[in-house]
Amino acid sequence: MDQEPRLDRARVRAHEETGPGFYWLQLELPADYPETLPGQYLNLKTNEHGFKFRRPFGVVEFRREPQAVLIELYYAVVGSGTEAMSRWRPGDDVDCLGPLGVGYSVDKAQPALLVAGGRGAAPLLYLYRLLKESGHASIQFAFGVRDEELLFGMDRLQETDVLLASDNGSVGFHGNILQAIETERPSWLLGQPVIYACGPEALLAATGGFAKRHALQAQVSMEGVYGCGLGLCRGCAVPLVDEERFLMQCLEGPVLDAHRVDWEKVPHV
Ligand SMILES: Cc1cc2nc3c(=O)[nH]c(=O)nc-3n(C[C@H](O)[C@H](O)[C@H](O)COP(=O)(O)OP(=O)(O)OC[C@H]3O[C@@H](n4cnc5c(N)ncnc54)[C@H](O)[C@@H]3O)c2cc1C
Ligand code: FES
């Protein structure tokens, strides 16, 4: 973390349900809000009344405006915290701690291969926009979903940069997104691209194996279940290859070098 996180009252500017249980949320923060990078996250208080841990969310977009900073999030309702969020209305105030964690570290010299699984596309849409604006030489966006209706943010991507896959064959390649790359875009693996991935842990683990097989660097954004978000509860511990200690992903991640993670010991994978 380069800067200290701070506590703010963010204001809901817009909030839209884009599919059953999936929401775009626009938050307005003070104009001096620190730069928040793709992969970093905000810890939001979702239930204002009663004890509840904050909930972590990656950033889909960060824009500095003359009077405010606009941050966009995309989230799915999976439990009580996100259910409470879904009732937020424009004008509501939200208790926001951030920016937190370590985001992607872009290798400017190498092609970028972004690998997204489901709502894991959130921080990668932001990374894609920054890479495009910086004139990065080669950017490919591989996006896998369970079903076509779970695609989002497609209007922010250039069609020629995108490869789609779906588990049920409703859109793009029928299968997972890593199989899709190997089958339909093997050329994307030439020139030593760096993989930037985000999605369910099973996809991240598979990405770790994929990167190893193809001798590529890979940065994965982990999405553990966070308790404190402060490095205290050890609920987000990640086992490492050849290291005795566990890494606390809420502090040292969520973006990690895929080759450092001992995927066989990661819970849930
Ligand atoms: C760094 C980071 C960035 C994230 N970014 C996003 C994002 O951009 N959009 C988004 O929709 N979600 C994101 N998440 C996940 C989000 O934080 C959880 O879905 C949320 O905290 C669940 O809160 P809840 O109170 O609704 O669910 P809970 O009541 O806490 O849990 C309900 C169910 O969801 C499961 N669950 C909780 N957290 C997760 C998780 N992280 N992954 C998978 N299952 C989980 C629980 O095991 C339980 O089964 C991110 C998580 C992390 C760690
Ligand atoms: S969430 Fe508590 S240590 Fe990371």
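FYI, side chains are in, hydrogens and waters are out, and symmetry mates aren't considered; it's all heavy atoms of this structure. All ligand and atom numbering here is 1-based and tracks the order in the structure. Keep in mind that this is a model prediction, so the values were computed, not measured.
Annotation: Phe22 is not in aromatic contact with Phe152 [ring centroid separation under 6.0 Å not met].
Remark: of the listed residues Leu124, Leu127, Leu131, Leu163, Leu124 is the sole one forming a side-chain contact (heavy atoms from CB on, under 4.5 Å) with Phe141.
Of all protein heavy atoms, the one lying nearest to atom 27 (O) of ligand 1 is Gly79 CA, 3.5 Å. Here the heavy atom of the protein found nearest to atom 16 (C) of ligand 1 is Pro56 O, 3.5 Å. Atom 37 (C) of ligand 1 has as its closest protein heavy atom Val225 CG2, 3.9 Å. Scanning the protein for heavy atoms near atom 7 (C) of ligand 1, the closest one is Tyr74 O, 3.5 Å. At the top of the distance list for atom 3 (C) of ligand 1, counting protein heavy atoms only, stands Gly58 N, 3.6 Å. In terms of protein heavy atoms, atom 13 (C) of ligand 1 is closest to Arg119 NH1, 3.4 Å.
Taking every heavy atom of Tyr75 and a limit of under 4.0 angstrom, the matching atoms of ligand 1 come to 9 (N), 10 (C), 11 (O). Close contacts between ligand 2 and Arg234 involve ligand atoms 2 (Fe), 3 (S) [criterion: under 4.0 Å to a heavy atom]. Of all the atoms in ligand 1, the ones that sit under 4.0 Å from a non-hydrogen atom of Val78 are 19 (O), 22 (C), 26 (O), 27 (O), 32 (C), 33 (C), 34 (O). Taking every non-hydrogen atom of Gly231 and a distance limit under 4.0 Å, the qualifying atoms of ligand 2 come out as 3 (S). Using a 4.0 Å cut-off to heavy atoms of Pro254, the atoms of ligand 1 that qualify are 1 (C). When each atom of ligand 2 is checked for a heavy atom of Gly229 under 4.0 Å away, the hits are 1 (S), 2 (Fe). Within ligand 2, the atoms closer than 4.0 Å to a non-hydrogen atom of Gly227 are 1 (S), numbered from 1 in the order shown.
Residue side and main chain included, Cys250 places no N/O/S atom under 2.8 Å of atom 2 (Fe) of ligand 2. At a threshold of 2.8 Å, atom 2 (Fe) of ligand 2 has a backbone or side-chain N, O or S atom of Cys233 nearer than that distance.
To the nearest 0.5 Å, the span separating CZ on Arg146 from OG on Ser170 amounts to 10.5 Å. In this structure, CG in Leu70 is found 14.0 Å from CZ in Arg11, a value given to the nearest 0.5 Å.
Considering backbone and side-chain N/O atoms, Thr82 comes within less than 3.5 Å of an N/O atom of ligand 1. Between Gly224 and ligand 1, a contact under 3.5 Å exists for at least one N or O pair. Note: no N/O pair closer than 3.5 Å links Glu83 and ligand 1 by distance alone.
Nearest-residue assignment for atom 20 (C) of ligand 1 (options Met85, Glu223, Arg55; heavy-atom criterion): Arg55. For atom 11 (O) of ligand 1, the choice among Gly118, Gly81, Ala76, Gly39 with the nearest heavy atom turns out to be Ala76.
Taking the six-membered ring where tryptophan is involved, the planes of Tyr23 and His15 are tilted, since the angle between them lies from 30° to 60°.
At a 4.0 Å heavy-atom cut-off, ligand 2 does not touch Gln249 at all.
Between Ile71 and Phe57, the closest side-chain pair of non-hydrogen atoms is not below 4.5 Å.
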